[in-house]
Amino acid sequence: MSSPIIITIDGPAGTGKSSAALMLADRLGFDMLDTGAMYRAVALLAIESKIDPHDEARLAIAMDRTTLDVDFSSRPPVIRLGERDVHHRIRDADVTGIVSLIASHHEVRDRLVRAQRQVALQHDRLVTEGRDQGSVVFPDATVRVWLDARPQVRASRRTEELRARGEQVDEERVLAEIIERDSSDRGRAEGPLQCPTGAAEIDTSDMTFESVVTELERLVRARLNESNIRCGGCA
Ligand code: DC
């Protein structure tokens, strides 16, 4: 059996990480893990269980009493909270509004980091995206990437995405929320949003989606070649 290959993609909100990670995974024939969706599912658990999002101890108990699974039988994989597919529900504004606070809790991060490492044991060709994948969860990943873009560009992309879903949004408000969420994600003590040491940095501000994916694929294939890593089942 060939060694596992893990590619991490980290960066702030609105850099297009999830879509780029999924497309990259498709091109390589890898699985893709959206770790932000896991934090969002815990935020939804807090909302539905009427737990104060500051109450870390109660959140931990609720997490231990429920199952949070990533179902890889769909592509992209869907998140299941208990038996329910919450893939769409976790993108709603009430979840987005508290997820950064939820993600700042040690008890939450500890459980999700363990769950993410467990996923990697079962999926040995994995593109995983989030905020701490290359810095904390998989510091020995085969390839680590940091995606960034100017805040205004990120806000405009996120606004388009939300409008495409039929939501009425104000771009200035989206920008303010992005800035606030980044600052909270950067400032937390555990697993803060930061560029992992040694990561390849890509500023996507002036790039098309297609060119971001092409650059990611080029980078990954070059690293694998340099390190003489055989991709095995890679497409
Ligand atoms: O990528 P996203 O917007 O779906 O992420 C939701 C929140 O989860 C965001 O505030 C950052 C947090 N997050 C995190 O702290 N660590 C991760 N690995 C992924 C997301």
Side-chain angles (χ1 to χ4, degrees), residues 6-22 32-47 53-54 56 59 63 68 70 76-79 81 86-120 126-139 141 144-149 151 153-155 157-162 165 167 169 173-196 199 204:
I6 297 180
I7 296 158
T8 62
I9 303 182
D10 292 298
T15 45
K17 290 188 306 294
S18 311
S19 316
L22 183 63
M32 195 283 276
L33 180 64
D34 169 358
T35 61
M38 300 171 84
Y39 286 92
R40 287 174 177 273
V42 178
L44 179 61
L45 175 66
I47 292 168
H54 295 90
E56 184 170 354
L59 261 173
M63 283 179 82
L68 193 162
V70 186
V78 298
I79 295 278
L81 192 56
V86 293
H87 188 66
H88 294 292
R89 174 67 180 91
I90 57 173
R91 307 284 153 197
D92 288 346
D94 56 344
V95 171
T96 303
I98 62 164
V99 66
S100 194
L101 169 59
I102 296 284
S104 68
H105 297 314
H106 165 79
E107 295 291 337
V108 173
R109 300 203 74 80
D110 184 50
R111 283 163 176 76
L112 292 190
V113 166
R114 274 190 275 136
Q116 289 154 16
R117 290 182 178 144
Q118 199 58 38
V119 166
L126 188 68
V127 178
T128 178
E129 65 93 354
R131 305 295 190 283
D132 60 347
Q133 298 299 285
S135 55
V136 173
V137 189
F138 304 109
R144 280 162 295 148
V145 181
W146 174 255
L147 284 192
D148 208 345
V153 173
R154 294 191 281 124
R157 286 178 185 160
R158 191 40 69 93
T159 305
E160 258 178 52
E161 207 178 285
L162 293 170
R165 289 179 47 189
E167 291 180 30
V169 281
R173 178 129 183 247
V174 173
L175 176 62
E177 281 168 3
I178 279 186
I179 291 173
E180 193 190 318
R181 199 142 61 90
D182 285 353
S183 145
S184 154
D185 290 341
R186 281 202 169 90
R188 67 173 170 243
E190 211 170 314
L193 170 66
Q194 61 179 357
C195 177
T204 70

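First listed ligand is number 1; within each ligand, the first listed atom is number 1. Computed from a predicted model, the values in this text were never measured in an experiment.
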Report task. Please name the residue in the list V86, I102, L44 that meets the side-chain contact (heavy atoms from CB on, under 4.5 Å) test with V95. Result -> L44
**Report entry** All salt bridge (charged side-chain N to carboxylate O under 4.0 Å, His left out) counterparts of E167, not counting sequence neighbours
**Finding:** R165
Report task. Taking all heavy atoms of T15 and all of P12, pick out the closest pair and write down the distance. Result -> OG1-O, 3.0 Å
Requested in this report: Please list, chain by chain and in numerical order, all residues satisfying salt bridge (charged side-chain N to carboxylate O under 4.0 Å, His left out) with E160, sequence neighbours excluded.
Outcome: none
Query raised in the report: Would R158 and D182 count as a salt bridge (charged side-chain N to carboxylate O under 4.0 Å, His left out) if you check the C-alpha gap in whole Å, the side-chain angles of each, and the deciding distance to 0.1 Å?
Result: CA-CA 14 Å; R158 191 40 69 93; D182 285 353; over 6 Å; no
Report summary line: Sequence neighbours excluded, the answer for salt bridge (charged side-chain N to carboxylate O under 4.0 Å, His left out) partners of D10 is none
Query raised in the report: At a 4.0 angstrom heavy-atom cut-off, what protein residues surround ligand 1?
Result: T35, G36, Y39, R40, R91, V99, S100, A103, R109, G130, R131, D132, Q133, R181, D185, R188
